[in-house]
Amino acid sequence: MPKSQISAAARIHPLARAFYARDPRRVARELLGKILTRQVAGGVRLTARIVEVEAYLGKNDPAAHTFGGLTARNSVLFGPPGHAYVYFIYGNHYCLNVSCEPDGCAGGVLFRALEPLSGVEEMARARGVELNGPKDLVKLTAGPGRLCEALSITRSRDNGCDLTSAKSSLWIGDDGTRARGIRTTPRIGVTKAADKPWRYLLNGNPFVSRPHFK
DNA sequence: ATATCGATTATCT
DNA sequence: GATAATCGATATG
């Protein structure tokens with residue numbers, strides 16, 4: 001195989017801001033198969049493929065954190081697209097979103113599950129998980145709270161982070177992989193607008209948080 | 001395999 | 001003072 005193809009497949013390039021300046025449902029669908037990268041101290045790079053996301057609309061979506069308007073917590077979602085919105089939930093967990101739509105509009109996409117690609121040992125340490133076999137890998141990043149813990153994502157560290165720059169410690173890139181078998185279901189854990197099918201996942205991927213949805 | 005429940009706190013009413 | 005875009009443990013079939 002030509003050398004150029006090898007390096008092309010390995011190279012991850014950041015998604016441009018324009019990618020996020022659209023309807024969150026479109027962004028969510030197209031984020032499947034992309035790569036979330038966490039650069040940690042010591043030059044270690046943690047990477048994981050996005051396999052499950054949910055869209056939250058900037059308008060007319062009662063399940064969205066922005067439904068009631070601008071607050072201190074949700075202000076990043078009202079800002080320019082491509083930035084991290086991190087919130088704390090249930091007294092225990094952080095969840096990661098990326099802001100969508102143009103500046104002033106408040107849509108976003110929640111990251112629900114990732115497939116670990118590199119830095120698995122670091123993720124296991126952050127999660128407090130002992131790795132004894134391939135089956136333990138799903139405990140690392142299958143779930144919005146879990147993936148944040150695996151990548152050490154917190155509100156104080158990462159809220160507002162620019163996810164379009166490879167210079168950021170957290171950013172999103174494309175390695176050329178084409179997502180296949182996209183499925184939609186209602187969103188998990190929401191009590192309002194529970195009928196809207198705005199959860200997107202890679203059908204059959206073992207790292208999805210809830211593969212068997214009723 | 002599915003159901004239920006407790007933990008724990010930032011945020012908003 | 002109530003709620004929440006969750007997780008892990010426990011119970012039961």
Side-chain angles (χ1 to χ4, degrees), chain A residues 20 23-25 27-29 31-32 36 48 50-79 83-101 105-114 116 123-132 135-161 163 170 172 183-201 204 206-214:
Chain A
Y20 303 98
D23 187 303
R25 290 166 292 194
V27 177
R29 182 179 287 271
L31 275 175
L32 292 174
L36 183 62
I50 300 166
V51 299
E52 178 187 348
V53 290
E54 284 176 358
Y56 289 85
L57 308 196
K59 282 182 177 162
N60 304 321
D61 183 2
H65 285 179
T66 52
F67 187 63
L70 175 67
T71 68
R73 177 174 68 152
N74 67 26
S75 63
V76 170
L77 288 174
F78 285 90
H83 291 261
Y85 165 53
V86 182
Y87 66 91
F88 190 61
I89 191 69
Y90 294 118
N92 282 314
H93 311 287
Y94 291 98
C95 292
L96 172 69
N97 301 249
V98 58
S99 60
C100 299
E101 303 183 310
C105 301
V109 172
L110 168 70
F111 294 80
R112 284 199 54 91
L114 309 172
M123 294 184 200
R125 197 173 337 118
R127 289 271 299 124
V129 165
E130 191 179 347
L131 292 178
N132 293 316
K135 64 174 174 55
D136 292 326
L137 289 177
V138 299
K139 299 176 185 172
L140 299 180
T141 52
R146 287 168 165 179
L147 72 88
C148 282
E149 189 170 37
L151 300 183
S152 301
I153 294 168
T154 66
R155 179 165 170 92
S156 60
R157 273 185 71 172
D158 301 302
N159 191 51
C161 178
L163 300 178
L170 194 64
I172 302 167
R183 185 154 86 105
T184 64
T185 80
R187 295 173 292 188
I188 304 293
V190 300
T191 57
K192 290 162 267 186
D195 57 319
K196 304 297 185 191
W198 296 337
R199 173 178 179 240
Y200 303 83
L201 58 93
F207 295 91
V208 163
S209 69
R210 275 158 81 158
H212 34 292
F213 190 85
K214 301 163 287 294

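Below, chains carry the letters A, B, ... as their sequence lines are ordered, and counting in each starts from 1. Quick caveat: nothing in here was measured; it's all calculated off a predicted structure. Worth knowing before you read on, the calculation uses all heavy atoms, side chains too, and leaves out hydrogens, waters and symmetry mates.
One interatomic measurement links the two molecules: OH of Tyr87(A) to P of dT8(B), which rounds to 20 Å at whole-angstrom precision. Rounded to an integer number of Å, the gap from Leu147(A) CG to dG8(C) P is 12 Å. In this entry the distance linking CZ of Arg127(A) with P of dC7(C) reads 8 Å, nearest Å. In this structure, His93(A) places its NE2 atom 13 Å from P of dA5(C), rounding to the nearest Å. Rounded to a whole Å, the OH atom of Tyr56(A) is 12 Å from the P atom of dA4(C). As a whole-Å value, the separation of His65(A) NE2 from dA4(C) P is 10 Å.
A donor-acceptor pair is defined here as one N or O able to donate and one able to accept, closer than 3.5 Å; such a pair exists between the side chain of Ser99(A) and the backbone of His83(A). Not a single donor-acceptor pair under 3.5 Å links the side chain of Arg112(A) to the backbone N or O of Ser209(A).
Residues Tyr85(A) and Asn159(A) have side chains in contact (heavy-atom distance under 4.5 Å, counting atoms from C-beta outward). Side-chain contact between Leu110(A) and Tyr87(A) is present, with at least one heavy-atom pair separated by less than 4.5 Å. Put simply, the side chain of Asp61(A) reaches to within 4.5 Å of the side chain of Arg187(A), judged on heavy atoms. Counting heavy atoms from C-beta outward, Phe207(A) and Pro116(A) have side chains that approach closer than 4.5 Å. Counting only heavy atoms from C-beta outward, the side chains of Leu151(A) and Met123(A) approach each other to under 4.5 Å. For the pair Arg25(A)/Leu57(A), a side-chain contact is recorded, criterion being any heavy-atom separation below 4.5 Å from C-beta on. Side chains of Val208(A) and Arg199(A) form a contact here, defined as non-hydrogen atoms less than 4.5 Å apart.
At most 12 heavy atoms of other shown residues, nucleotides or ligands fall within 6.0 angstrom of atom CG in Asn60(A).
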Dump the pairs, protein N or O against N or O of nucleotides 9-13 of chain B, anything under 3.5 Å, distances to one decimal.
| unit_1 | atom_1 | unit_2 | atom_2 | d |
| --- | --- | --- | --- | --- |
| dT11(B) | OP1 | Arg155(A) | NE | 3.3 |
| dC12(B) | OP1 | Thr71(A) | OG1 | 2.3 |

Return one dot-bracket line describing DNA chain C 5' to 3' (Watson-Crick or G-U wobble pairs, both distances under 3.5 Å; ( ) same strand, [ ] crossing, | another strand, . none).
||||.|||||||.
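For the segment residues 183-199 of chain A, the set of residues with a heavy atom within less than 4.0 Å of an atom of DNA chain B is empty.
Between Phe88(A) and Tyr94(A), the two ring planes are tilted [angle within 30° to 60°].
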